[in-house]
Amino acid sequence: MKTDIGLPDAERLSADLEEISRLVDTTRPGWSRVALSEVETDSRHHVAALMRAAGLDVRVDNIGNVIGTLSGNGSDRRAIVIGSHTDTVDGGGRYDGIVGVLGAIEVARMLQESGIRLSHDLRVVDFYNEEANRFELSCLGSRALAGSLTSTHLSATDETGRTLGSALAAAGYDDPLSGTRWGGDEVLGFLELHIEQGPVLERAGLPLGIVTSIAGISRFRTLFTGRRDHAGTMPMSLRHDAGCAAAGVVLAVEQIAGTADQAVGTVGSVTFTPDATSVVTEAALLTAEFRSPDLGWFSLARDQIAEIAAKEAEKRGLTHEVTWLPWERPTAVDPRLSSAIERSVSALGHPAAHLYSGAGHDGVQMAKLGPIGMIFIPSRDGRSHCPEEFTELDDIVVGVHALARSVITLDQEGLS
């Protein structure tokens with residue numbers, strides 16, 4: 001089989017990035033393309049059109065995954081899967097996920113333009129809703145493919161009481177659990193190109209990273225309930241102030257994560273009721289998360305949060321509740337795929353670092369279907385999930401070339 005693949009077309013990649021960057025919510029900061037929004041739906045139609053133009057057989061499944069297939073000519077019907085996502089966080093950037101989708105489409109073009117026919121089918125996927133949505137659930141599309149999206153997930157509610165299932169139905173996906181799951185024997189391997197979203201590669205002056213593992217993510221809500229009183233007349237010693245208890249937990253998240261190697265903790269929102277400085281806070285609801293590549297550390301972090309929340313409530317005469325949301329354990333990247341990536345990168349003459357991912361990815365779900373591997377490219381100043389997110393076009397080209405070479409290596413050698 002011919003294996004001499006050409007270089008990615010930098011001008012074409014740049015034009016693709018520019019086009020999809022116009023499909024954003026102009027009323028929001030940055031390049032916002034939040035799942036369950038009209039503009040996000042438009043972007044996936046756009047991706048489907050790009051796939052068709054690239055010669056892929058395209059379908060959209062019952063939860064919105066856009067899947068393009070380039071048929072192979074071998075007897076092994078397991079597919080090599082590549083791709084990422086095109087939804088963003090509110091106020092996000094132009095590269096997180098998008099590079100992986102457009103890069104995967106470019107790989108399909110490169111194979112055909114180089115006259116290379118893989119033995120295995122190549123599936124290019126734009127996964128639906130990778131980012132955490134307002135129902136505190138992420139990776140909806142890949143969860144559905146892996147069979148780990150459940151009716152319980154669809155019953156989750158947002159702050160208005162609306163269910164995830166009804167929101168999906170309104171977006172046109174009223175039967176997301178039907179016919180979306182892939183079989184356990186369908187995937188030879190999943191490869192994802194992604195921006196690092198951190199500073200390691202840029203600081204090391206390296207063009208590529210080979211991911212060793214994906215951090216686990218555990219999210220929780222804490223509700224404190226006290227008593228509203230007049231803010232000017234109720235003495236400090238007699239208050240039942242839910243807001244002060246919440247503040248104690250906010251600082252605890254920072255302290256708990258800050259003393260653990262490679263762990264991070266973030267408070268995403270704090271809501272006080274009533275929203276008035278003239279009234280002592282009656283109720284305070286906060287949402288937060290911990291991330292770590294160390295599975296055992298999560299139990300310790302949960303125990304510490306439970307203890308601190310109880311103490312904050314007790315000393316102020318409050319009631320409280322800590323609710324732990326569905327979580328993802330740390331996910332190891334398959335060493336055989338990492339080895340294939342390393343050999344491919346080396347053949348192209350590029351040095352690479354080995355590093356773990358502190359961000360969550362669809363690969364966590366895809367690992368339930370087969371081996372996964374990830375390639376990182378640098379992020380300027382390590383910035384991501386913000387409008388300043390940026391990766392040089394030259395780095396994207398190197399990453400796409402490495403992805404293409406890794407696909408060919410996997411196709412030829414399998415999981416040796």
Side-chain angles (χ1 to χ4, degrees), residues 16-51 58-68 83-102 104-105 125-145 149 153-177 180 194-195 197 217 219 268-269 271 287 289 325-326 359-362 365 384-389:
D16 287 345
L17 278 165
E18 187 63 32
E19 280 187 61
I20 201 167
S21 296
R22 297 191 188 104
L23 297 173
V24 295
D25 184 348
T26 57
T27 68
R28 304 300 303 157
W31 282 268
S32 297
R33 194 182 306 109
V34 178
L36 299 170
S37 68
E38 183 176 345
V39 70
E40 193 271 339
T41 299
D42 291 343
S43 74
R44 283 182 294 103
H45 289 318
H46 174 74
V47 168
L50 284 178
M51 289 184 183
V58 180
R59 66 186 178 89
V60 180
D61 69 13
N62 284 354
I63 200 169
N65 292 311
V66 183
I67 304 165
S84 193
H85 63 96
T86 52
D87 67 304
T88 74
V89 298
D90 187 30
R94 298 174 59 198
Y95 302 87
D96 173 10
I98 293 95
V99 163
V101 173
L102 298 181
I105 294 172
V125 184
D126 179 4
F127 294 102
Y128 183 70
N129 190 189
E130 189 266 359
E131 302 290 0
N133 54 41
R134 67 180 187 267
F135 302 91
E136 299 296 335
L137 191 66
S138 58
C139 299
L140 293 191
S142 54
R143 283 179 193 273
L145 295 182
L149 185 68
H153 290 135
L154 299 181
S155 298
T157 57
D158 62 12
E159 67 278 1
T160 70
R162 188 178 193 182
T163 66
L164 172 58
S166 65
L168 285 171
Y173 306 112
D174 55 4
D175 195 13
L177 300 183
T180 52
H194 208 283
I195 62 171
Q197 303 181 270
I217 305 176
R219 297 187 173 104
S269 67
T271 304
T287 60
E289 70 171 26
L325 303 171
H361 300 284
D362 288 302
Q365 300 301 321
S384 187
H385 280 191
C386 60
E388 294 79 15
E389 180 181 275

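Every value quoted in this text rests on a predicted model; they were computed, and no experiment measured them. Hydrogens, waters and symmetry mates play no part in the numbers below; they use all other heavy atoms, side chains included.
Side-chain contact between L140 and Y173: absent, with no pair of heavy atoms (C-beta onward) separated by less than 4.5 Å. Contact check for L102 versus I98: side-chain heavy atoms found under the 4.5 Å cut-off. Side-chain contact between H45 and T41 is present, with heavy atoms from C-beta onward closer than 4.5 Å. Side-chain atoms of V47 and V101, non-hydrogen and from C-beta on, do get closer than 4.5 Å to each other. Counting only heavy atoms from C-beta outward, the side chains of L154 and P176 approach each other to under 4.5 Å. Proximity of Q365 to E130: side-chain heavy atoms (C-beta onward) are nowhere separated by under 4.5 Å. A heavy-atom distance below 4.5 Å is not found between the side chains of R162 and T157. At least one side-chain heavy atom of L149 sits less than 4.5 Å from a side-chain heavy atom of L177.
Of the inter-residue distances, the one linking E19 atom CD with L50 atom CG reads 6.5 Å to the nearest 0.5 angstrom. Between atom NE2 of residue H361 and atom OG of residue S142 there is a gap of 11.5 Å, rounded to the nearest 0.5 Å. Between atom CG of residue L164 and atom NE2 of residue H153 there is a gap of 9.0 Å, rounded to the nearest 0.5 Å. A distance of 6.0 Å separates CZ of R59 from CG of D61, quoted to the nearest 0.5 Å. Note that CD of E136 and CG of L325 are 6.0 Å apart. Values are rounded to the nearest 0.5 Å.
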### Task
Start with the C-alpha gap between F127 and L145, add the side-chain angles, then the distance that decides, and say whether side-chain contact (heavy atoms from CB on, under 4.5 Å) holds.
CA-CA 9 Å; F127 294 102; L145 295 182; 3.6 Å; yes
### Task
Please test H385 against D96 for side-chain contact (heavy atoms from CB on, under 4.5 Å), starting from the C-alpha separation and ending with a verdict.
CA-CA 8 Å; H385 280 191; D96 173 10; 3.1 Å; yes
### Message
One pair to check against side-chain contact (heavy atoms from CB on, under 4.5 Å): N65 and D126. What are the steps and the verdict?
### Response
CA-CA 6 Å; N65 292 311; D126 179 4; over 6 Å; no
### Query
Going through the checks in order, is the side-chain contact (heavy atoms from CB on, under 4.5 Å) test met by I67 and V60?
CA-CA 6 Å; I67 304 165; V60 180; over 6 Å; no
### Task
Carefully, step by step, assess Q197 and S384 under the rule side chain to side chain donor-acceptor pair (under 3.5 Å).
CA-CA 5 Å; Q197 303 181 270; S384 187; 2.9 Å; yes
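The shortest non-hydrogen separation linking L23 to S43 is CD1-CA, 3.8 Å. W31 approaches T88 most closely through the heavy-atom pair O-OG1, 3.3 Å. Here the shortest heavy-atom pairing between H194 and S84 reads CD2-OG, 3.8 Å. When all heavy atoms are compared, the tightest approach of G30 to P387 is CA-CG, 3.6 Å. Taking both residues in full, the closest heavy atoms of R219 and A132 are given as NH2-CB, 4.0 Å, listed atom of the first, atom of the second, then distance. Counting all heavy atoms, side chain and backbone alike, F135 lies closest to A167 at CZ-CB, 3.8 Å.
A donor and an acceptor atom, one from each side chain of D25 and S32, are nowhere located under 3.5 Å apart. Checking H85 against N129 by side-chain atom types alone, no donor-acceptor pair falls below 3.5 Å. Counted by atom type alone, N62 and T180 present zero donor-acceptor pairs between their side chains at under 3.5 Å.
Contact check on D87 versus R33 returns no salt bridge, with no Lys/Arg side-chain nitrogen under 4.0 Å from an Asp/Glu carboxylate oxygen.
Scored by the side chain to side chain contact (heavy atoms under 4.5 Å, CB included) test, E18 finds R22, R94 as partners (sequence neighbours excluded).
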